[in-house]
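Have a look at the structure below, then the notes.
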Amino acid sequence: MNPSPFPHQGPLSPAEVRGRDDLLADLTGRVTRRAVTALVGPRRYGKTSVLRRLAADLTEVTTVWVDLYGVASAADLAVAFDTALDSAGAPVRATAGRLALTAQIDLGVVKATLSRPARSRPDPDVLFPTLLDLVVATALTTPTMLVLDEFSAITTVPAAAAKLRTALQHHYRDIAIVFAGSAPSVMRTLFTDREEPFYGQADLVDIGPLDRTAVHGIVTDGFISTGRDPERGAALVHDLAGGHPQRTMQLADALWHHTPDGGSVTDEVWADALTELRERIADPMSRIFDGHPASARKTLRIVAHDESPHGAAGQMLALSKNAATKARKALLDNGDLIRDTDNRLVVTDPMLADWIRTTLPIF
Ligand SMILES: Nc1ncnc2c1ncn2[C@@H]1O[C@H](COP(=O)(O)OP(=O)(O)O)[C@@H](O)[C@H]1O
Ligand SMILES: [Mg+2]
């Protein structure tokens with residue numbers, strides 16, 4: 001049997017990235033001009049995927065990919081930068097390995113040295129800036145693109161952003177630098193607040209949902225190439241997932257699994273696929289929902305039903321205007337709510353909205 005043509009866990013491989021041609025052309029121009037760029041968008045919108053594709057397309061630069069997901073200390077940062085250099089392509093890896101030895105660092109084993117007994121353990125507060133200097137020194141020897149993925153995590157380590165800024169600030173013309181991150185308000189603050197070390201240092205670029213044409217192409221090609229007829233499948237997927245990349249793929253995958261080999265998407269297939277997916281994700285959805293404070297839960301519920309938090313629905317759920325305003329701001333800041341292309345407030349995750357609508361009606 002074919003594997004599903006709709007992978008929906010983790011980043012895509014470069015060849016699987018679809019519907020991002022305009023964004024890729026824009027990013028290519030920026031990297032070529034050495035315009036420092038910050039790619040901002042909700043979780044699972046395809047930031048990592050599109051940047052991996054960019055790295056694969058740009059053969060004239062070697063990419064140093066720093067994944068800052070979950071970093072919480074200088075030691076974590078040192079490990080993240082060490083791993084990035086150690087796994088970079090040949091010209092960078094070779095130079096970095098050589099330069100590291102002069103700084104008395106064994107590339108690729110920083111994690112192991114940090115777990116030595118206290119006496120022989122390096123000080124991560126010294127090691128981290130040393131590794132930053134190493135990244136810069138290496139990048140100056142060969143055309144390099146430095147990707148800092150999940151960059152908002154840097155705020156969890158005091159003074160880390162300032163150290164990074166110090167290491168990079170005189171090299172914006174030499175090194176192509178791309179930041180990416182999911183927490184929209186943290187990302188914006190990092191580059192637009194005067195108090196922040198990276199204030200005014202990068203252009204913010206938004207990654208949006210996949211458009212209807214892209215979703216149509218992805219769903220249709222996936223079905224056809226595996227001997228199935230999507231019928232109205234692409235439209236159904238788009239109507240529910242609204243172009244949210246990961247949910248689009250997950251929904252298409254569920255639909256594909258319910259469509260017999262050589263068969264087509266019927267109303268019954270769609271209904272079965274939707275029922276099965278809803279059952280499968282009900283627990284995580286309720287956990288996510290329950291993790292929000294009460295006024296945020298009310299706001300999510302009102303928005304999922306396409307009502308206004310300040311209108312009758314707010315009164316019905318006993319949500320004061322003041323609480324509604326605060327909750328809406330917090331939800332927008334965290335990326336749990338976004339504005340759609342018509343500037344309407346929507347729940348970012350369409351399957352959370354679907355779960356709320358089916359579980360919690362508004363009277
Ligand atoms: N261009 C795309 N076309 C189709 N699906 C995509 C695309 N980009 C992302 N996805 C879907 O979203 C999922 C998460 O992508 P990822 O790059 O990890 O997002 P992010 O880095 O923004 O959290 C992928 O597993 C895939 O299912
Ligand atoms: Mg990512």
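Every number for a ligand or one of its atoms is a count from 1 in the order of the listing.
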Please check: side-chain N/O of [X] versus main-chain N/O of [Y], any donor-acceptor pairing under 3.5 Å?
X	Y	answer
Asp82	Gly108	yes
Ser49	Leu12	yes
Gln246	His8	yes
Thr359	Ile356	no
His171	Asp174	no

Exercise. In terms of the angle between their ring planes, are Phe198 and Phe179 parallel, tilted or perpendicular, with boundaries placed at 30° and 60°?
Worked result: perpendicular
For this session: Kindly state whether the ring of Tyr69 and the ring of Phe151 have centres lying under 6.0 angstrom apart.
Result: no
Exercise. Given the rule in the side chain to side chain donor-acceptor pair (under 3.5 Å) test, do Ser295 and Lys326 qualify, once you have shown the distances and angles that lead to the verdict?
Worked result: CA-CA 9 Å; Ser295 51; Lys326 278 195 191 145; over 6 Å; no
For this session: Decide whether a cation-pi geometry holds between Arg228 and Trp256; the criteria are a distance under 6.0 Å from NZ or CZ to the six-membered ring centre and an angle within 45° of the ring axis.
Result: yes
Exercise. Ligand 1: which residues have a non-hydrogen atom closer than 4.0 Å?
Worked result: Pro7, His8, Gln9, Gly10, Pro11, Leu12, Val17, Arg18, Arg20, Pro42, Arg43, Arg44, Tyr45, Gly46, Lys47, Thr48, Ser49, Leu210, Ile218, Pro245, Gln246, Met249
Problem set entry | Protein N/O/S neighbour count - the Mg ion (ligand 2), strictly under 2.8 Å | 1
